[in-house]
J.: 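Here you go, one structure.
To find a chain, count down the sequence lines: A is the first, B the second, and so on, and within it residues start at 1.
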Amino acid sequence: MSNLSIPTTSPDDYYRQRIDMQPAFNSDLFQQLLEPENLHRAWRQVKANKGAAGIDGMTIEAFPLWMQQGDWQRCKSLLERGEYNPSAVRRVEIDKPDGGKRKLGIPNVIDRVIQQAIAQILTPLFDPFFSANSFGFRPNRNAKQAVLQVRDIIKQKRKFAVDVDLSKFFDRVNHDLLMTQLRIKVQDKRLLALIGKYLRAGVMVNDQFEASLEGVPQGGPLSPLLSNIMLDSLDKELESRGHKFARYADDFIILVKSIRAGERVLKSITRYLATKLKLVVNEQKSQVVEVGQSKFLGFTFNRGKIQWHAKTLHIFKQKMKRLTNRNWGVSMGYQLFKVCPVLKYVDIKRTSL
DNA sequence: GAAACAATGAC
RNA sequence: GUUGUCAUUGUUUC
């Protein structure tokens, strides 16, 4: 059914070119970072996201003027001398669909631009070497591919799922381990130092400064890449053990052939994460179950078909009601496609819309 | 091909 | 009303 090919991790031409240049390139990363072209691209991205101001109150709209007034030149020379100190991020809590809160850390606009510029430099160095089973926060990859990959693994007689939930992953990333991973590919001391400063920049919670001795801020443009660099070790470990799995950020699922194997794997991986990556597995939310009972990125898997998880389905039904109340029959197919393009992979009979 | 806009999904 | 990142899709324009 799916002739939808999942891209391999083989570097594309752009990456290959830069990798070949790596030695010269790498000693010079900090200068690359400050290239006007790189910074301009970073600013465009930050602007397009239309985010809110950080603790300095500087908005996206006011930022270009700030740049022109020479403040950027001062900032740049501080950066070049290694004397630039990033501001703390602003704490904002937003509701999660499950009723919990997501803690965001919003950097100032200028720090978002600098972080974005760093991410643009680091991505070609790291991303081409990430696991084929890692789907979150990566160019040319998305949740749909992750779900299809899981379905394909299940077809290979792996009917049991190990759902692993990392508690507060982003908040608990270990700085030392992360920097160690970074040093493997980044030799530029100035760049490493700057990234370290961003990790330790702290958080403002109601005008109260809180140090950040661990974790990466959810809201920083660099954070998604750093999280993937951190969990790349896990991917490589799982691969070396011959496991079949898919990972989307901190959400990952390992497919095995029996409950017993699953229990063993969960235990082993839990210990690996605790000792090697200093990450805590949430035992309450982790489970070994038949794939039909599993949940990954809002989907569940039954008899080779991808289905919505009950909760996701409920939300979908609400959406359908709203859309179809007015236009029922006019363009059902189009509406359905708009609501959820992955629909054609779902067993509609069994979900009984 | 590029660059704007919007809306959706994941965290 | 407040509110980040990443990815994707669609539209438009040249």
J.: Do A:I110 and A:D71 come within less than 4.5 Å of each other through their side chains, counting heavy atoms only?
T.: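 A side-chain contact under 4.5 Å is absent here.
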
J.: Mind checking what makes salt bridge (Lys or Arg N to Asp or Glu O under 4.0 Å) contact with A:K101, not counting sequence neighbours?
T.: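 Checked A:K101 against salt bridge (Lys or Arg N to Asp or Glu O under 4.0 Å); matches are A:D95.
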
J.: Who else is in the cluster with A:M204 when I, L, V, M, F, W and Y are joined by side-chain contacts under 4.5 Å?
T.: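 Cluster partners of A:M204: A:I55, A:F209.
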
J.: Less than 4.0 angstrom between a side-chain N/O of A:N140 and OP1 or OP2 of C:rA7, yes or no?
T.: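 A:N140 to C:rA7 OP1/OP2: no side-chain N or O under 4.0 Å.
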
J.: With sequence neighbours excluded, tell me which residues meet side-chain contact (heavy atoms from CB on, under 4.5 Å) with A:S258.
T.: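 If we apply the side-chain contact (heavy atoms from CB on, under 4.5 Å) test to A:S258, skipping adjacent residues, the hits are A:R260, A:A261.
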
J.: Quote, to the nearest angstrom, the C1' distance that separates C:rG1 from B:dT8.
T.: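 It works out to 22 Å between them.
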
J.: Can you name the residues that form a side-chain contact (heavy atoms from CB on, under 4.5 Å) with A:I259, not counting sequence neighbours?
T.: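 If we apply the side-chain contact (heavy atoms from CB on, under 4.5 Å) test to A:I259, skipping adjacent residues, the hits are A:F160, A:E263, A:V288.
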
J.: Only Watson-Crick and G-U wobble pairs with both distances less than 3.5 Å should count. Give RNA chain C in dot-bracket notation, marking inter-strand partners with |.
T.: ...|||||||||||

J.: I want to check something: taking the side chain as every heavy atom from C-beta on, are A:F252 and A:L234 in contact at a cut-off of under 4.5 Å?
T.: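 A:F252 reaches A:L234 side chain to side chain.
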
J.: Could you work out the complete set of other residues in the hydrophobic cluster of A:V205, with links drawn between I, L, V, M, F, W and Y side chains under 4.5 Å apart?
T.: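 Result for A:V205 is A:V89, A:V203.
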
J.: Distances under 3.5 Å only, N/O to N/O: pair up the protein atoms with those of nucleotides 4-6 of chain C.
T.:
unit_1	atom_1	unit_2	atom_2	d
C:rG4	OP1	A:A52	N	2.1
C:rG4	O2'	A:G219	O	2.2
C:rU5	OP1	A:R112	NE	3.4
C:rC6	OP1	A:Q116	OE1	2.5
C:rC6	OP2	A:N49	ND2	2.7

J.: Distance check needed: C:rU2 C1' versus A:K101 NZ, whole Å only.
T.: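 Rounded to the whole Å, the gap is 11 Å.
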
J.: Can you name the ring-ring contact (aromatic ring centres under 6.0 Å, His included) partners of A:F63, sequence neighbours left out?
T.: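 ring-ring contact (aromatic ring centres under 6.0 Å, His included) list for A:F63, sorted by chain: A:W43, A:W66.
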
J.: Within this structure, what is the CD-to-C1' distance between A:Q145 and B:dA10, rounded to whole angstrom?
T.: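 Between C1' of B:dA10 and CD of A:Q145: 13 Å.
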
J.: Atom CG of A:D165 and atom P of B:dC11: how far apart are they, to the nearest Å?
T.: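 My rounded result for the distance is 10 Å.
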
J.: In this structure, how many angstroms lie between the C1' atom of C:rA7 and the CG atom of A:D251, rounded?
T.: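 Rounded to whole Å, this separation is 16 Å.
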
J.: In whole Å, I'd like the distance from the CG atom of A:D95 to the C1' atom of C:rG1.
T.: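 After rounding, the gap between these two atoms is 13 Å.
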
J.: Measure CZ/A:R141 against P/C:rU8 and give the value in whole Å, please.
T.: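 So the CZ-P distance, A:R141 to C:rU8, works out to 11 Å.
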
J.: Just the rounded figure in Å: distance from P of C:rG10 to CG of A:N142.
T.: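 Whole-Å distance recorded here is 12 Å.
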
J.: Measure the distance from CG on A:N228 to C1' on C:rA7 and round it to the nearest whole Å.
T.: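 My rounded result for the distance is 12 Å.
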
J.: Just jot down the side-chain contact (heavy atoms from CB on, under 4.5 Å) partners of A:A249, sequence neighbours excluded, or say none.
T.: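 Testing A:A249 for side-chain contact (heavy atoms from CB on, under 4.5 Å), a comparison that skips the adjacent residues, returns A:F137.
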
